[in-house]
Amino acid sequence: MSQIELKNLVKKYGDGFPAVNDVSLDIADGEFMIFVGPSGCGKSTLLRMIVGLEDITSGDLFIDGKRVNELAPRDRNLAMVFQNYALYPHLSVFENIAFPLRLEKGRHDEKDIDRKVRQASSMLELDEHLERKPGNLSGGQRQRVAMGRAIVRDADAFLFDEPLSNLDAKLRGQMRTEIARMQRRMGITTIYVTHDQTEAMTLGDRVAVLKKGVLQQVASPRELYEQPVNLFVAGFIGTPPMNFLPARVNGNTLSLPFVDVPISGDLAGKLSGKEIVIVGIRPEYIKDASLGDAQPQGTVSFRAVVDQTEWLGNEQYAYIPYQADEAVQHRLDELDRELDGEGMRTQMVVNLDGRSRILEGDEGDLYFDPSLMHVFDPETGENFTRDEQKASQIARESEETRKRALQRAREREGLAEDGDGQRVTADGPDARGATRA
Ligand SMILES: Nc1ncnc2c1ncn2[C@@H]1O[C@H](COP(=O)(O)OP(=O)(O)OP(=O)(O)O)[C@@H](O)[C@H]1O
Ligand SMILES: [Mg+2]
């Protein structure tokens, strides 16, 4: 078990380029932390600095309160699982998993090694494959062998760098749930790098969003989704992504491409002096009025021509083009580049109910609740509508959920805190008969 603290970490590679720029972050004991962001934002570099494979240019790294900047990787007792698994092709699965134990010469006898390997393999459902060679295994099985090697080491934390990116979509989904379950069951602090936001949202207790080496926001998935701090986070989290519409500010009204929206005096105050802003509306916030569902108070209605629809059974995407406002288009183009986008067309994506019968070419009756909309500063990207109170409420709830889940998992597995507050690890005989969750 381990608590990891990053303080103002900076990494400059040889050419002086800051790959990681002043990142500070506290990772709690037993927490599942995700590093996410577009390609080249510094995720791997940050992970490699923590594990000790990359020097820290400046800043401090603490593990359980101890500064470890100068500590060699093997002395940090962290287990890293790489994207390419780094398995030894000539060794059996058993020997691959046993490898780190054999490296610690003399510390483990054969019986001990056998017990640890079998315990890991049963947890990972590799029992039948122990005598096979990695080359004959599927991608998912190889992945599990790599994880087994991390498990037997009794490491203080697991570090993963895009461990599932080589797998096909189905297996990726399976492994994702497997990793989540195992992390909970073992209660091990985990840092996981991905650029896949589904992985980020489903696995993470908290998610750290990086852009060009700079930490943008670290929060629970729900807080990121509902209370993003800026345009970048808002655009990065969510599929299909949040719609960004240019809007003109006229006192207490925002003029969007389709409709005028009244705003609160509070928001109007924050926007005073601004001529134009960017309004963010998630695709599912817009509804089809013809379904006759009760509309909450204060909704705003508008009509718009749908030029394309995609019906998926349980839901339907509708695409609604609009005339872009020159004044913010450059900002939206730049944002698109930052998000590794494929070129945002000036169209709004609406995620309608599967019952909706709006067809291509139809003019639909639509509405949305303006209290859900976000308003961003086009220059700085700051979110004017972020509600700090709601955000901290979500953070509190997420932290409670995390602690409860960890507690439940530990109870289920018969793991307990002993007198010194030390976790009795999964090595104990009590964990051997553990049932799969
Ligand atoms: N050995 C190196 N020497 C110089 N620059 C490097 C080196 N490794 C990485 N960089 C630069 O540091 C930045 C961050 O790289 P990093 O590999 O951490 O990104 P990443 O977020 O993991 O990206 P990806 O999603 O593509 O894996 C990039 O701009 C990259 O070009
Ligand atoms: Mg990387």
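For ligands, and for the atoms within them, numbers begin at 1 and follow the listed sequence.
Ile286 pairs with exactly one of Leu366, Asp369, Leu372 by the side chain to side chain contact (heavy atoms under 4.5 Å, CB included) rule, that one being Leu366. Just one residue in the list Lys7, Lys66, Arg67 forms a salt bridge (charged side-chain N to carboxylate O under 4.0 Å, His left out) with Asp60, and that residue is Arg67.
Judged by a 6.0 Å distance limit and a 45° cone about the ring axis, Lys211 is positioned over the six-membered ring of Phe232.
In this structure, atom 30 (C) of ligand 1 has no protein heavy-atom contact shorter than 4.0 Å.
Contact annotation: the side chain of Asp114 approaches that of Phe94 to within less than 4.5 Å [non-hydrogen atoms, C-beta and beyond]. Residues Arg176 and Thr198 meet the side-chain proximity criterion, which asks for heavy atoms closer than 4.5 Å.
For ligand 1, the atoms closer than 4.0 angstrom to any heavy atom of Glu162 are 25 (O). Below 4.0 Å from some heavy atom of Ala19 lie the following atoms of ligand 1, by number and element: 12 (O), 13 (C), 14 (C).
Protein heavy atom closest to atom 27 (O) of ligand 1, with residue, atom name and distance, is Ser44 OG, 3.9 Å. The protein heavy-atom contact nearest to atom 14 (C) of ligand 1 is Gly40 O, 3.4 Å. Of the protein's heavy atoms, Ser39 OG, 2.6 Å lies nearest to atom 26 (O) of ligand 1. For atom 9 (C) of ligand 1, the nearest non-hydrogen atom of the protein is Tyr13 CE1, 3.3 Å.
Sparse packing is recorded around CD of Glu128, with 12 or fewer heavy atoms of other residues, nucleotides or ligands lying under 6.0 Å away.
Not a single heavy atom of Gly37 lies less than 4.0 angstrom from ligand 1. Heavy atoms of Lys11 stay at 4.0 angstrom or farther from ligand 1. Using a 4.0 angstrom heavy-atom cutoff, Phe17 counts as in contact with ligand 1.
Salt bridge status for Arg206 with Glu31: present, with a side-chain N to carboxylate O gap under 4.0 Å.
In summary, Ser44 places an N/O/S atom under 2.8 Å from the Mg ion (ligand 2), meeting the contact criterion.
For the 3.5 Å distance criterion, the side chains of Gln393 and Arg396 qualify, holding a donor opposite an acceptor.
Summarising the contacts of atom 18 (O) of ligand 1 with Leu47, Thr45, Val36, Val193, the nearest heavy atom is found in Thr45. Taking only non-hydrogen atoms, the option from Lys43, Met49, Lys12 nearest to atom 25 (O) of ligand 1 is Lys43.
At distances below 3.5 Å, at least one donor-acceptor pair connects side-chain atoms of Gln183 with backbone N or O atoms of Ile188.
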